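These figures come from a predicted structure and were not determined experimentally. All chains are named by letter (A, B, ...) in the order of the sequence lines, taking the proteins before the strands, and each is independently numbered beginning at 1.
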Number of protein chains: 2
Amino acid sequence: MPEMKFTRDNLAEVLRNRGINPTHQRIEIAYAIFSRCEHSSADQILALVNDRASETSKATVYNTLNLFLEKKLIREVIVDPSKVFYDPNTDPHHHFYNTDTGELTDIDARDIRVTGLPPLPHGMATEGVDIIVRIRSKAA
Amino acid sequence: MPEMKFTRDNLAEVLRNRGINPTHQRIEIAYAIFSRCEHSSADQILALVNDRASETSKATVYNTLNLFLEKKLIREVIVDPSKVFYDPNTDPHHHFYNTDTGELTDIDARDIRVTGLPPLPHGMATEGVDIIVRIRSKAA
DNA sequence: GTCCTGATTAGACAGAGTCCAGAGCTTCGT
DNA sequence: ACGAAGCTCTGGACTCTGTCTAATCAGGAC
């Protein structure tokens, strides 16, 4: 995502470019995810979308998030056993995860090098490498 | 865990060393986790334990798994949004995750080096670094 | 307007995990 | 041996995240 203002019109365009029919609800959901440059969970997005304007159902939020995932418009981050976070940043990157607060912070992947990985099992291909650095406030 | 036969007697000793009262149920649960050198989910463990001998309740399995986690007897692996896997291997290591089959494979951490990580946010300490290599069968 | 297709909806449902109040074991003192 | 105290275990109710379904709705083509 290059830096740009996320207006609803822009987002409609982005959706169209990915082959997603930009309906009112989808635009609102995209707006909720992208304007807030953070990692949100499905229920946060549901709450955000329903704060303003017309009601959007839980089913639509989940459907839409899965659609966005499929079209690689967003990524999912699995760090908490109880819920998935959705990440508007699709550039290669990793995460700090604050286990006290649940806060996620991006780590740009450009400077990261991982060496010593064993060869993949036969006939397998890498789909992605996720690095999660779990951190905690030092004062234990 | 050094290589050793996991008899119920050994396991009782292991639990005691960690300050865990080795009750019948806890030993059976430990046995299920350690004899099977794989990554099991809570429901698999529940099924394994109830295959043989006296019934153990779901609540006890969850309580015990959390107790083992707390006492650092096992680790949890969070890769699948729908369930947690419990890992009998507490040595530093990472994982291959086969997204087709759900299969988890250990990667010894001894040879792995990660360079280029940014400094931790102020006042934070690292709790652990998890690397998950998501893999998939090459023939798509 | 009418059709057709795809999107949305409410609510039922499923599965993982937690909570709680009661019952069961152990241990210990008497 | 008895009773009290303190863990531990249990079934079942409950919560929460996420999915499914059947019905409704919106919007474009004609």
Quiz item: Which of the following nucleotides, D:dG18, C:dT9, D:dT17, is nearest to the side chain of A:Ser57?
Solution: C:dT9
Quiz item: To the nearest Å, how far apart are A:Asp80 CG and C:dA16 C1'?
Solution: 13 Å
Quiz item: Can you check the B:Glu55 CD to C:dA23 P distance for me, whole Å?
Solution: 20 Å
Practice problem: Evaluate side chain to side chain contact (heavy atoms under 4.5 Å, CB included) for A:Leu15 paired with A:Leu73, printing each intermediate quantity in order. | Solution: CA-CA 8 Å; A:Leu15 296 192; A:Leu73 196 62; 3.4 Å; yes
Quiz item: Can you check the B:Arg26 CZ to D:dC7 P distance for me, whole Å?
Solution: 11 Å
Quiz item: Looking for any heavy atom pair under 4.0 Å, which part of the strands does A:Asn66 touch: base, sugar-phosphate only, or nothing?
Solution: sugar-phosphate
Quiz item: Taking OP1 and OP2 of D:dC9, is either one under 4.0 Å from a side-chain nitrogen or oxygen of B:Thr23?
Solution: yes
Exercise. Measure from CD1 on B:Ile27 to C1' on D:dC9 and round the result to the nearest Å.
Key: 15 Å
Quiz item: Parallel, tilted or perpendicular: which fits the ring planes of B:His93 and B:His39, with parallel below 30° and perpendicular above 60°?
Solution: tilted
Practice problem: Specify the separation, in whole Å, of atom NE2 of B:His24 and atom P of C:dG24. | Solution: 17 Å
Quiz prompt | Listed nucleotide nearest any side-chain atom of A:Asn21, set C:dA16, D:dT19, C:dA7 | solution = C:dA7
Quiz item: Are the side chain of B:Arg26 and the backbone of B:Asn21 linked by a donor-acceptor contact shorter than 3.5 Å?
Solution: yes
Quiz item: Out of C:dG11, C:dG17, C:dA7, which nucleotide sits closest to the side chain of B:Lys58?
Solution: C:dG17
Exercise. Taking only the side-chain heavy atoms of A:Gln25 (C-beta and beyond), determine which of C:dT8, C:dT18, D:dT19 contains the nearest atom.
Key: C:dT8
Can you name the atoms? Protein N/O to nucleotides 23-28 of chain D N/O, anything below 3.5 Å, with the distance.
none

Quiz item: Is there a donor and acceptor pair closer than 3.5 Å between the side chain of B:Lys83 and the base of C:dG15?
Solution: no
Quiz prompt | B:Ile27 backbone acceptor or donor facing B:Arg8 side chain under 3.5 Å | solution = no
Quiz item: Are any of the side-chain heavy atoms of B:Ile33 and B:Ile45 separated by less than 4.5 Å?
Solution: yes
Quiz prompt | Selected nucleotide, minimal atom distance to B:Val84 side chain, candidates C:dG17, D:dT8, C:dT9 | solution = C:dG17
Quiz item: Expressed in angstrom and rounded to an integer, what is the separation of B:Leu46 atom CG from D:dC9 atom C1'?
Solution: 14 Å
Quiz item: Between D:dT17, D:dT10, D:dT8, which one does the side chain of B:Thr60 approach most closely?
Solution: D:dT10
Practice problem: Pick base, sugar-phosphate or nothing for B:Ser82, based on heavy-atom distances below 4.0 Å to the nucleic acid. | Solution: sugar-phosphate
Exercise. Find the distance B:Leu15:CG to D:dC7:P and express it as a whole number of Å.
Key: 18 Å
Quiz item: If each of B:Asn63 and A:Ala59 is mapped to the nucleotide of DNA chain D with the nearest heavy atom, which maps nearer the 5' terminus, i.e. the 5' end?
Solution: B:Asn63
Exercise. Scan B:Asn89, B:Ile29, B:Ile74 and name whichever one has a side chain to side chain contact (heavy atoms under 4.5 Å, CB included) with B:Phe34.
Key: B:Ile74
Quiz item: Rounded to the nearest Å, what distance is computed from the CD atom of residue A:Gln44 to the P atom of nucleotide D:dC16?
Solution: 15 Å
Self-check item: Pair A:Ile112-B:Leu117, side chain to side chain contact (heavy atoms under 4.5 Å, CB included): steps then yes or no
Solution: CA-CA 6 Å; A:Ile112 307 275; B:Leu117 282 176; 3.5 Å; yes
Quiz item: From D:dG12, D:dG18, D:dC20, pick the nucleotide closest to the side chain of A:Tyr62?
Solution: D:dG18
Quiz item: Under a 4.5 Å cut-off applied to non-hydrogen side-chain atoms, are B:Met124 and A:Asn98 in contact?
Solution: yes
